[in-house]
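Beneath this line is the structure, given in structure tokens, with notes to follow.
Each chain gets a letter, A, B and so on, in the order the sequences are listed, and its residues count up from 1. Being a predicted model, the structure only gives us computed values, none of them experimental.
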There are 2 protein chains.
Amino acid sequence: MTLDKRKSQILESIIRDYVETAEPVGSRSIVKKHNLKISAATVRNEMADLEEMGYLEQPHTSAGRIPSQVGFRYYVDCMMQKETLDDSELELLHRILNENIGEWSDVVSKIGSFLSQVTNYASFVIVPSIKLSEFKDIQIIPLSERTAMLLVLTDIGVLLHRKIEVPPTISGEELQLIGRVFTRVLSGTKLEEMRRNELKALREELRNRRKVIDTVLEAVDIMMQGCQDDSVVISGSLNILNEPEFKDLDKLKRILTILEEDVLLKQILPDMVGEEVNITIGNENKAEDIKEMSLVVAGYNNFGEMGKIGVIGPIRMEYWKAAGTVESLRNILDQVLSKKYY
Amino acid sequence: MTLDKRKSQILESIIRDYVETAEPVGSRSIVKKHNLKISAATVRNEMADLEEMGYLEQPHTSAGRIPSQVGFRYYVDCMMQKETLDDSELELLHRILNENIGEWSDVVSKIGSFLSQVTNYASFVIVPSIKLSEFKDIQIIPLSERTAMLLVLTDIGVLLHRKIEVPPTISGEELQLIGRVFTRVLSGTKLEEMRRNELKALREELRNRRKVIDTVLEAVDIMMQGCQDDSVVISGSLNILNEPEFKDLDKLKRILTILEEDVLLKQILPDMVGEEVNITIGNENKAEDIKEMSLVVAGYNNFGEMGKIGVIGPIRMEYWKAAGTVESLRNILDQVLSKKYY
DNA sequence: GTTAGCACTCTCGTTAGTTGAGTGCTAATG
DNA sequence: CATTAGCACTCAACTAACGAGAGTGCTAAC
């Protein structure tokens, strides 16, 4: 069911005013502010209709109206036009992306912080774990008599490293050699399949160095455990301090806690996120703790896995801006990551 | 000037009650609570004295007393006994330290988070930049036709890495060779002195690979810029949400902003921090923004440079606990870092 | 020096009254 | 018949007044 033109216009006016001021908006004020060619009384009639339809609600009888969650949903689905980045923002973005960037985790964090700056909401980027990447190179660099640094390079250019203990009898050259054998045998293997497949061949070839093999494998195992979870980059969580709906300390604390704990944040996100920008408003969120917030999320392609990028803010959110910005940055992430990073 | 025994006892009682409840404490209540053998009236007389001396103050005539900042200072200087970690806390700490720890930055962040957990204040650890460390090993691992991964290992076991572009004409073996020459010539050089000293020798030896040398040097330069600043690890900043003195949103925001921005946090710390635990109370802090907070900081020895570890909390702080815990963890950090980490 | 007693002060929470923005309804209008 | 002016009505927010309670300071007695 779609609204006639006048009702749409009124709904939109109310949404924009309410998003801006966080106050219920009255009939008179929107007529004035948006130069509508109708009287306040007419607007009141329309508002009564919109309320009956469920798009507006009144905090109390003698107050103005505020958009209901259903109202926001209708707006987002049927009326919203995503607002893209303006020139100065684009320029800022390009400046950021042209700065010295060593690895793609830098790109992610910079884009995240840009997102929160532009929208004034908290932003997050979920980066899928690298568990499906392949080995590319393994090196063992001696540090001291008994220790060495194990380096594992994956095909997407991620470098893992860990200190290991080695028998003092083993020489630096031999360590290098062992590294090379590892590289030759394992190169191209999925990180997670490593244990099962080529292990036997490896044992065979280095049979007199079983100890070192085991140490290395164990270290690899530990490193892998360290990257099992998708990593989360959060920016601008303090933006919610500016929203009047969170003047309540308890609410505030709940939200900030979620924003501080990666695990919690991952739990609240909608399971299915496609490439399209996905908006969940208030109660549409499955997690109890954020039923007073809205999410704007999109998926991006992170070396074949689905990553997520988005913002979290009050229900009274500038969805047009948030959706447009998230979409743009999703595309840029896709684009940047599609040039394989080595 | 020191207080007589009874005044001390009263001051301490007031401090402990006030720290616990955040409410002004009255004469009657401390007599009851601490089973003092004197009457409330006597206590009132003593309190009047203490107020005159500047150790106590009254929010208004008909309220109890609260310790003034001078009062806290006197307590800290002349009466406080640092409270060390209890058994369960020690056990927790050891469990944490025995978990898998790959490199010392893990130690730092774990100790930081332990500190904030135990004290219930926000904790910070300042880790000096590694600019004074020495090269230990340089490796160049080919990634693709035109790119390679540059690895720089320092003597304290920190690994820097960065992707570089290499001419497609150069072979993997040659890259390795170049890495080895770098290692041989530069090993033992301070990172920051690199440019000046052995550069000529290097250019000499690899004169037909000038391009690659420059690329590598440039990359090293960029990596060094990335570690020029001391890094900061903050934990438990949300603890301040529990303190009633920060129910005011503006205050809260100021503080949280400081705790989110490394740079700001570094600015507010006292310049001179010795190995001893250093306490600055309220207005004793130079920075305007934290004149309503207290700092408990100690320096630790981070591979020859001075690092800092401490907590930041309300003036109404459990100084005894904070000071004891900071001291213990300072020592542990010293101890852990003194076994050179390779 | 210490303490009991008491008048005094000031905050806090409650209640009652006032104000003003905004509505809903009705009747008049084009 | 849609629109509008007019008006009575509602309710949150603000203010003032008031009593209760916690705590003090002072005085006089021990």
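- The ring-ring contact (aromatic ring centres under 6.0 Å, His included) check on B:Phe124 picks up nothing, with sequence neighbours excluded.
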Name each donor-acceptor pair under 3.5 Å that joins a side chain in residues 254-265 of chain A to protein atoms two or more places apart or in another chain, with its distance.
residue, atom, partner, partner atom, Å
A:Thr257, OG1, A:Lys253, O, 2.5

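- The distance from atom NZ of B:Lys7 to atom C1' of C:dT2 is 14 Å, rounded to the nearest whole Å.
- Note on A:Ser39: every side-chain N or O is 4.0 Å or more away from OP1 and OP2 of D:dT3.
- With sequence neighbours excluded, the residues satisfying ring-ring contact (aromatic ring centres under 6.0 Å, His included) with B:Phe72 are B:Tyr319.
- Following rounding to the nearest Å, A:Asp4 (CG) and D:dA2 (C1') show an atom-to-atom distance of 13 Å.
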Point to revise | Under 4.0 Å protein heavy-atom contacts per nucleotide of nucleotides 21-27 of chain C, with B for base, S for backbone only and - for none | key: BSBB---
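- With hydrogens and angles left out, the side-chain atoms of A:Thr42 and A:Ser39 include a donor and acceptor closer than 3.5 Å.
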For residues 114-121 of chain B, which side-chain N or O atoms pair as donor and acceptor with protein atoms under 3.5 Å away, sequence neighbours left out?
residue, atom, partner, partner atom, Å
B:Ser116, OG, B:Ser113, O, 3.0
B:Thr119, OG1, B:Leu115, O, 2.8
B:Thr119, OG1, B:Tyr121, N, 3.2
B:Tyr121, OH, B:Glu318, N, 2.8

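- In this structure, B:Glu57 places its CD atom 18 Å from P of D:dG23, rounding to the nearest Å.
- Taking atom CD of B:Glu23 as the reference point, atom P of C:dT11 lies 14 Å away to the nearest angstrom.
- The salt bridge (Lys or Arg N to Asp or Glu O under 4.0 Å) contacts involving residues 58-67 of chain A comprise A:Glu51-A:Arg65, where partners must be two or more places apart or lie in separate chains.
- Between the NE2 atom of A:His60 and the C1' atom of C:dG20 there is a distance of 11 Å, given to the nearest Å.
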